[in-house]
Amino acid sequence: MVPSQPQNGLADTLESGDVALGLLDNTYSSTLVEFCGDLGLDFVWLDLEHGGPDPWDAAAMEDLLRAAERTGIELLVRLPDTDPTLVRKVLDLGVRNVFLPRVETAAEVREAVESARFRYDGGPGKRGLGAPRARRWGLADDYAATEDAETLVGTTVETEAAVDDLSEILDVPELGFVFVGPLDLSVSLGHPGELDHPDVQDAVERVRAAAIDAGVPVGGLGFGMDDVNEKVADGYQLLNLGSTTGALKQTVDGWFDAYEGERPRRA
């Protein structure tokens, strides 16, 4: 007998109005994914847009999924492209939470969300009914209904075009969340890296306020815990606390600061 798939903890958290906290693993290590679950984080963000394994590499993705499943943590996978075929591929491997990079139109978002559903917006969806890992190779019961209930598809809003089309993006049926991307927004708006620039801050606030008004969960980056706490107070429900390499750097720097001998030289 194949056990039933557990509920998607990340989707449950957002639906209940609570806050999900996670970490970007930019080492793409199955060991660290597993450890993050033991630490009690809600999700591990795997950013396949800027690094990591090829999402078409089933074996690499399955190892990361097994590590997450071992400790009950959710993977939040940012895809390198909005291609509906790629969305279907990673979902069939067993990923349940994906978000899209660099979208510009609501039509693009809708096409990707529809590709992740067997039933969509009152009609047929565009996900294929095969027997992949997500279906336990054909053994899982109520597969289509369970996958539709447990799959979360969101999108990054990180371009000027996406901000301009924001109201239509937020109207896309079954959009799971929007994730504000201030770094790429600063580039798109002509102020690369200037996160405090008024144009960038205005765009970020437009996304946050519009998403909350539309009832769509909003996520973002935490720049220190004071910022995280402020964002929670402002209605953010999905927050990335930092990265695995950033956490290691902070710890090692602290050790060096406390070390009374001569600090090792770097090559």
Side-chain angles (χ1 to χ4, degrees), residues 8-11 13-14 19-55 57 60-61 63-82 86 90 93-103 152-159 176-187 192-193 195 204 207-208 217-232 236-254:
N8 183 341
L10 181 57
T13 297
L14 298 184
V19 176
L21 302 176
L23 186 69
L24 169 68
D25 179 23
N26 46 10
T27 70
Y28 305 93
S29 161
S30 56
T31 299
L32 289 179
V33 167
E34 184 178 9
F35 184 48
C36 284
D38 281 331
L39 288 174
L41 290 164
D42 296 301
F43 66 90
V44 174
W45 174 11
L46 297 178
D47 188 354
L48 304 186
E49 180 189 7
H50 294 297
D54 186 333
D57 183 346
M61 294 302 300
D63 282 345
L64 292 163
L65 283 159
R66 291 187 190 99
E69 291 157 3
R70 164 65 179 78
T71 52
I73 195 168
E74 295 291 340
L75 294 186
L76 177 60
V77 177
R78 178 158 68 177
L79 299 174
D81 195 273
T82 62
L86 180 57
V90 296
L93 290 175
V95 174
R96 298 191 291 182
N97 309 287
V98 300
F99 68 121
L100 311 171
R102 305 191 64 79
V103 302
L152 189 69
V153 180
T155 187
T156 313
V157 178
E158 56 187 349
T159 67
F177 62 91
V178 295
F179 195 98
V180 186
L183 296 169
D184 280 353
L185 260 178
S186 73
V187 175
L195 302 189
V204 168
V207 177
R208 184 203 69 84
V218 60
L221 304 173
F223 297 101
M225 290 313 298
D226 287 343
D227 182 60
V228 167
N229 291 327
E230 288 177 11
K231 283 186 165 75
V232 170
Y236 282 76
Q237 285 186 255
L238 182 71
L239 283 162
N240 184 67
L241 303 179
S243 69
T244 47
T245 55
L248 181 59
K249 177 183 180 301
Q250 184 176 10
T251 298
V252 172
D253 283 346

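This one's a predicted model, so the numbers in the text were calculated from it and none came from an experiment. Note that the numbering runs from 1 along the sequence shown for the chain.
Side-chain contact between V153 and V98: present, with at least one pair of heavy atoms (C-beta onward) separated by less than 4.5 Å. Considering only heavy atoms from C-beta on, F43 stays 4.5 Å or farther from T13 through its side chain. For the pair T159 and V103, the minimum side-chain heavy-atom distance is 4.5 Å or more. By the 4.5 Å heavy-atom criterion applied to side chains, E230 and F223 are not counted as neighbours. Using a 4.5 Å cut-off on side-chain heavy atoms (C-beta onward), L10 and L238 make contact. Side chains of K231 and V180 form no contact here, defined as non-hydrogen atoms less than 4.5 Å apart. Side-chain contact between D184 and T156 is absent, with no heavy-atom pair separated by less than 4.5 Å. Taking the side chain as every heavy atom from C-beta outward, L48 and Y28 approach each other to under 4.5 Å.
Listed for the E49 side chain is no donor-acceptor partner under 3.5 Å among the backbone atoms of R78. In this structure, the side chain of N240 does not engage the main chain of L221 through any donor-acceptor pair within 3.5 Å. S243 contributes no side-chain N or O that, together with a main-chain N or O of L24, makes up a donor-acceptor pair within less than 3.5 Å. For the pair N97 (side chain) and L75 (backbone), a donor-acceptor distance under 3.5 Å is present.
Of all heavy-atom pairs between P53 and M61, the closest is CG-SD, 4.1 Å. The two residues L79 and P101 have their closest heavy-atom pair at O-CG, 3.0 Å. Contact between V228 and G222 at its shortest, heavy atoms only, is CG2-CA, 3.7 Å. Counting all heavy atoms, side chain and backbone alike, T71 lies closest to D38 at CG2-OD1, 3.3 Å. Taking every heavy atom of both residues into account, G9 and E74 meet most closely at N-OE2, 3.1 Å. Between L86 and P80, the shortest heavy-atom distance links the atoms CD2-CD, 3.8 Å.
To the nearest 0.5 Å, atoms CG (L32) and OG1 (T245) are separated by 10.0 Å. Rounding to the nearest 0.5 Å gives a distance of 5.5 Å between CG of L241 and CE of M225. How far CD of E158 is from CG of L100: 10.0 Å, rounded to the nearest 0.5 Å. Interatomic distance, W45 CH2 to L23 CG, rounded to the nearest 0.5 Å: 10.5 Å.
Judged by distance alone, the side chains of T244 and D25 do bring a donor and an acceptor atom under 3.5 Å apart.
Evaluated for a side chain to side chain contact (heavy atoms under 4.5 Å, CB included) with L93, the options L64, V77, L65 yield exactly one hit, L65.
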